[in-house]
Amino acid sequence: MQKKKRKIRRICCLFLIVFGIFLQQSPCDIYASEQKEELAIKLNHFKLGEDAKEEFSPEISYNKEEGNMKISFQTMNQKEGEYPVSVFENTKQKLSGYAGVNIKVKNSAENVKGNVLFSTQKGNVLVLEDDVPVILKQNGTCYTEKVEYGAFSIPANFEGEVYIPFSSFTKGDKAEREELEKGIYGLGFTLVAPEKKQISVEFQSVSFIPKAENEIFYFTLSGSEKVLRPSIGESVENYSVNFFDREGQKIEKTCAISYCITKDGRPAKGISIDENGKLTVTAEAQEGEYRLEAKNSEGESTYLLITLKKSWTETQKTENGYDASMVLPDEVVKVVDDTSVWMNAGYLVTGRVLAVVSVVAFLIYYIYKHKKNKEAFRKEFFGEEE
């Protein structure tokens with residue numbers, strides 16, 4: 001009986017010790033242990049979709065050692081237009097606690113468009129619709145592509161990451177977001193290419209990224225993409241950096257940012273930007289496309305392509321097509337020569353002073369003569385003096 005009581009006491013003491021250790025852990029440590037890890041998808045069960053016609057010579061190839069998947073097709077003999085090829089894989093995944101999907105891609109020498117789709121448990125298909133953002137990152141530089149006409153662009157020779165927050169699939173629809181987080185049954189990709197192209201895109205990995213509150217995941221530049229080049233003086237535009245978390249939501253966090261602007265990879269003349277994002281353009285700048293870049297202290301950067309155009313004052317025309325643009329000051333026809341005496345300020349002031357003095361002198365002389373003549377008149381006719 002005593003042995004049994006001792007055994008119970010030992011179990012209770014052990015429980016108290018373990019419970020005490022658990023209580024000593026901070027809430028942050030407990031939360032960290034429960035945080036989800038990046039969820040990778042195996043790329044070895046994708047199949048071609050119905051739009052992958054034989055005339056496109058579609059092919060899926062796998063690299064088992066590296067876990068890569070390559071999709072290739074061609075549109076060499078096709079008429080003018082856009083041609084899609086889709087692939088799809090059945091994969092059951094629960095996405096609660098995840099913020100978005102990250103796809104490592106290596107593209108060929110041809111620009112190609114793409115889209116991503118999820119098949120949910122309810123049998124619905126969620127795809128990227130127009131105007132939603134997709135983040136592309138290559139060599140530490142990230143920029144935002146917007147979906148247009150049902151696809152986003154993957155540049156030629158691109159090798160980097162394509163990150164798509166789940167908010168881009170649901171566009172703020174709470175029901176669709178809940179449906180997505182409950183889980184998916186399938187994942188698909190669509191590649192779109194114009195006529196007479198040879199396409200080869202390698203998917204190196206596909207993974208789901210867990211949520212992380214109030215953490216900067218990427219940043220972008222905001223401001224005008226079209227700037228006027230002045231014919232004289234300066235024109236000014238202001239730019240700023242926006243910070244986003246993994247879910248694509250703008251956050252108020254900030255960090256030190258430096259700016260630079262180049263044209264064809266070289267420093268540009270007549271155009272500059274200060275540490276506050278204030279862009280100044282002078283008449284010395286050339287028209288064309290410029291790359292405005294913002295970089296943080298860790299070397300990560302983002303950029304915005306801006307186009308410099310002539311001021312409307314140089315290109316304005318009437319309804320009949322006549323040139324109505326403003327003339328530059330040095331092109332204005334001179335009515336009076338600058339060297340003329342009449343354009344000399346000193347001479348003009350002197351002349352005005354002499355004119356005033358002459359008028360005053362004349363009035364004094366007139367008053368004097370009038371008074372004298374009046375006295376003479378009285379003396380002659382009335383024999384009296386005033």
Residues S301, T141; criterion side chain to side chain donor-acceptor pair (under 3.5 Å); working and verdict: CA-CA 5 Å; S301 64; T141 300; 2.8 Å; yes
[X] and [Y]: side chain donor to acceptor below 3.5 Å:
X	Y	result
Q204	N68	no
E234	T282	no
S207	E38	yes
S86	T190	yes
N107	E159	no
Q249	D245	no
T91	E89	no

Quick one: do [X] and [Y] make a salt bridge, cutoff under 4.0 Å?
X	Y	value
E110	K196	no
E195	K79	no
K182	E178	no

Donor-acceptor check, side chain of [X] to backbone of [Y], threshold 3.5 angstrom: yes or no?
X	Y	answer
N63	E65	yes
R229	K309	no
T120	I184	no
K146	D130	no
N115	L128	yes
D173	A175	yes

Which heavy atom of [X] sits nearest a heavy atom of [Y], and at what distance?
X	Y	value
I164	S168	CG2-CB, 3.9 Å
P155	Y143	CG-OH, 3.3 Å
P165	G248	CB-N, 3.9 Å
S235	P230	OG-CD, 3.6 Å
E247	A99	CG-CB, 3.6 Å
E237	S224	OE1-CB, 3.9 Å

Distance in Å, [X] [atom1] paired with [Y] [atom2], rounded so as to fall on 0.5 Å steps:
X	Y	atom1	atom2	result
S72	I199	OG	CD1	10.0 Å
K278	S240	NZ	OG	15.5 Å
L279	I306	CG	CD1	5.0 Å
K94	L180	NZ	CG	14.0 Å
T262	L292	OG1	CG	9.0 Å
E66	E202	CD	CD	7.0 Å

So, do [X] and [Y] have ring centers that fall under 6.0 Å from each other?
X	Y	result
F243	Y218	no
F189	F203	yes
F118	F169	yes
Y259	Y239	no

Would you say that [X] contacts [Y] through its side chain, given a criterion of any heavy-atom pair below 4.5 Å between the two side chains?
X	Y	value
I41	Q93	yes
I216	F244	no
I209	V101	no
F73	K197	no
P194	T75	no
K263	Q286	yes
L117	F88	yes
I251	K253	yes

Residues E55, N77; criterion side chain to side chain donor-acceptor pair (under 3.5 Å); working and verdict: CA-CA 8 Å; E55 58 193 82; N77 300 320; over 6 Å; no
Derivation of the side-chain contact (heavy atoms from CB on, under 4.5 Å) call for L191 and V87: CA-CA 9 Å; L191 301 177; V87 298; over 6 Å; no
Evaluation steps, side-chain contact (heavy atoms from CB on, under 4.5 Å), between K70 and K106: CA-CA 9 Å; K70 182 182 288 186; K106 182 179 181 180; over 6 Å; no
Verdict with supporting geometry, K137 and E161, salt bridge (charged side-chain N to carboxylate O under 4.0 Å, His left out): CA-CA 5 Å; K137 187 174 183 179; E161 300 175 13; 5.6 Å; no
E50, CD: over 12 other non-hydrogen atoms inside 6.0 angstrom: no
K269 atom NZ: more than 12 heavy-atom contacts under 6.0 Å: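 At most 12 heavy atoms, drawn from other residues, nucleotides or ligands, come within 6.0 Å of this atom.
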Shared hydrophobic cluster, [X] / [Y] (ILVMFWY, side-chain heavy atoms < 4.5 Å):
X	Y	result
V105	I135	no
L187	I60	yes
F152	V127	no
I273	I257	yes
Y83	V192	no

Audit row: I71, M69, side-chain contact (heavy atoms from CB on, under 4.5 Å) steps and yes/no: CA-CA 7 Å; I71 303 172; M69 173 185 69; 4.1 Å; yes
side-chain contact (heavy atoms from CB on, under 4.5 Å) between L43 and V206, intermediate numbers included: CA-CA 8 Å; L43 305 176; V206 176; 3.7 Å; yes
Salt bridge (charged side-chain N to carboxylate O under 4.0 Å, His left out) evaluation trace for E215 with R246: CA-CA 8 Å; E215 176 186 287; R246 298 182 181 187; 3.1 Å; yes
Over-ring placement of K92 relative to Y185, 6.0 Å and 45° cut-offs: no
Side chain to side chain contact (heavy atoms under 4.5 Å, CB included) partner of L221, chosen from T302, N242, L305, T144: T302
